[in-house]
**Q** 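If you scroll down you'll find the structure; I have some questions about it.
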2 protein chains.
Amino acid sequence: MPNAAYSHKEIMGENKERSTGVLQGTLDMLVLKALGRGPLHGYDVAEYILTWSGDVLHVEEGALYPALHRLELRGLLASEWGVSANNRRAKFYHLTAAGRKQLAAESSEWARLSGAIARVMEA
Amino acid sequence: MPNAAYSHKEIMGENKERSTGVLQGTLDMLVLKALGRGPLHGYDVAEYILTWSGDVLHVEEGALYPALHRLELRGLLASEWGVSANNRRAKFYHLTAAGRKQLAAESSEWARLSGAIARVMEA
DNA sequence: GAGAATACATAGAAGTGCAAGGGTTGGGAC
DNA sequence: GTCCCAACCCTTGCACTTCTATGTATTCTC
């Protein structure tokens, strides 16, 4: 199950099959989680997820930015323009109170569902 | 993490009850897994997943049947009509060799991805 | 000044699952 | 016997997310 949001372009890619999306819906949660530690700009959110996932979850920009905008629209994130560590113009996002609540909710929902799936797969 | 598999009627921030679904992309895998033990008809596939997930994963018929047809079209399943334990006409599905291979592949991919997500969420 | 990396963004296409319909048949309640 | 529910199957239309591809601008390095 490939997942999608995270492009896993198989390095030695044999799999021509459409490895389109799996675990769809986890992206928002991961983004919220990344911002749970403090404000980050978009690019760094992707870096964060990539690093902590052990280089497994590559968040594509075409998925990342729509996700950020979506979450901001829902009032879970807020943003301001600033300057990145590399001295570039960047938009910094941080969690709102609602975002923090949502993170907690999605987190426990993830535990519930992934646990359920794991049980089936181990049957 | 909500996933898409659940209904999101939270338009405009109204976090309503979401139906129990499945992480998007995992449905095919779960169906393959259910059939890994032997032939089952559609209705029983849903039962199997529901039971083994501990009543968490309710596979809706509108998701189940298209999934079965999809998998059959890809050559991962084959089917014949028969009679269910309740003496009703039912279509029984079983894995093909390709389906068995696919199950193994998705299974390990699931382990890889869910592990990666878990690492991020525990960070 | 060329090129890479950082950084944001959108459009188009694809895929998946949900909701909401529809249908047949058999067994038990009455 | 009749009637209703449960067990079965199916399809269409839509919502949502993500991918691929592309476009822009800026800064650092060579």
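Numbers restart at 1 for each chain; the letters A, B, ... are given by sequence-line order, proteins then strands.
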**Q** I need the minimum non-hydrogen distance between B/Arg119 and A/Trp52, along with the two atoms involved.
**A**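 Looks like CB-O, 3.5 Å.
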
**Q** Could you tell me the separation between the CG atom of B/Leu64 and the C1' atom of D/dA7, rounded to a whole number of Å?
**A**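 Roughly 13 Å, once rounded to whole Å.
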
**Q** Once you round it to whole Å, what is the distance between C1' of D/dC10 and NZ of B/Lys91?
**A**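 Those two atoms, NZ and C1', are 9 Å apart.
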
**Q** It should be established whether B/Tyr65 places a side-chain nitrogen or oxygen under 4.0 Å from OP1 or OP2 of nucleotide D/dC10.
**A** no

**Q** Rounded to whole Å, please give me the gap between OH in A/Tyr48 and P in C/dT6.
**A**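 My rounded result for the distance is 19 Å.
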
**Q** Using the C1' atoms of the five pairs at each end, what is the angle between the end axes of the helix from C/dG1-D/dC30 to C/dC30-D/dG1, to 10°?
**A** 20°

**Q** Work out which heavy atom in A/Lys33 is nearest to a heavy atom in B/Ala123; give both atom names and the distance.
**A** NZ-O, 3.6 Å

**Q** Would you please confirm or rule out a distance under 4.0 Å between OP1 or OP2 of C/dC8 and any side-chain N or O of A/His69?
**A**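 No, outside the criterion.
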
**Q** Look at the side-chain N and O atoms of B/His41 and state whether any lies under 4.0 Å from the OP1 or OP2 oxygen of D/dA7.
**A** no

**Q** Under 4.0 Å between a side-chain N/O of B/Asn87 and OP1 or OP2 of C/dG27, yes or no?
**A** yes

**Q** Mind calculating the distance between CG (B/Asp44) and P (D/dA6) to the nearest angstrom?
**A**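 Nearest whole value for this atom pair: 17 Å.
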
**Q** Rounded to the nearest 0.5 Å, what's the gap from CG on B/Leu95 to CZ on B/Arg37? Could you check?
**A** 12.0 Å

**Q** Given C/dG15, is OP1 or OP2 found less than 4.0 Å from the side-chain N or O atoms of B/Arg70?
**A** no

**Q** Just call it for B/Gly62: base, sugar-phosphate, or nothing, with non-hydrogen atoms closer than 4.0 Å on any strand.
**A** base

**Q** From B/Ser84 OG over to B/Asp44 CG, what is the distance, rounded to the nearest 0.5 angstrom?
**A** 7.5 Å

**Q** Between A/Thr96 and A/Leu76 (side chain of the first, backbone of the second, donor and acceptor by atom type, cut-off under 3.5 Å), is there such a pair?
**A** yes

**Q** Verify, without hydrogens or angle tests, whether B/Arg70 (side chain) and B/Asp28 (backbone) share a donor-acceptor contact under 3.5 angstrom.
**A** no

**Q** Might you point out which heavy atoms bring A/Leu35 and A/Tyr93 nearest each other, and give the distance in Å?
**A**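 That would be CD2-O, 3.4 Å.
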
**Q** Are OP1 or OP2 of D/dC8 and a side-chain N or O of B/Asn86 less than 4.0 angstrom apart?
**A**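 Affirmative; the distance criterion is met.
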
**Q** Ignoring the backbone of A/Asp28, work out which of D/dT18, C/dC8, C/dA19 is nearest its side chain.
**A** D/dT18

**Q** Closest to the B/Glu60 side chain: C/dC8, C/dA19, D/dC10?
**A**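 Per side-chain heavy atoms of B/Glu60, the pick is C/dA19.
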
**Q** Using atom CZ of B/Phe92 as one end and atom P of D/dC8 as the other, report the distance to the nearest whole Å.
**A**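 Distance, rounded to whole Å: 8 Å.
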
**Q** Using whole Å, report how far CG of A/Leu68 lies from P of C/dC8.
**A**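 To the nearest whole Å, that distance equals 8 Å.
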
**Q** Of all the nucleotides listed (D/dT11, C/dA19, D/dC8), which has the minimum atom distance to the side chain of B/Pro66?
**A**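 Closest of the options to the side chain of B/Pro66: D/dT11.
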
**Q** Using OP1 and OP2 only, check whether a side-chain N or O of A/Ser84 sits under 4.0 Å from C/dT6.
**A** no

**Q** For the base of C/dC8, is there a side-chain donor-acceptor partner from A/Glu61 under 3.5 Å away?
**A**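 Answer is yes: a donor-acceptor pair is held.
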
**Q** Let's see if you can work this out: which of D/dC16, D/dC9, D/dT26 has an atom nearest to the side-chain heavy atoms of A/Arg88?
**A**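 Closest nucleotide to the A/Arg88 side chain: D/dT26.
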
**Q** CE of B/Met29 versus P of C/dT16: gap in Å, rounded?
**A**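 Between P of C/dT16 and CE of B/Met29: 14 Å.
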
**Q** What are the two closest heavy atoms between B/Val120 and A/Ile49, and how far apart are they?
**A** CG2-O, 4.0 Å

**Q** Please report the distance, rounded to the nearest Å, between CH2 in A/Trp81 and P in C/dC8.
**A**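 About 6 Å, once rounded to whole Å.
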
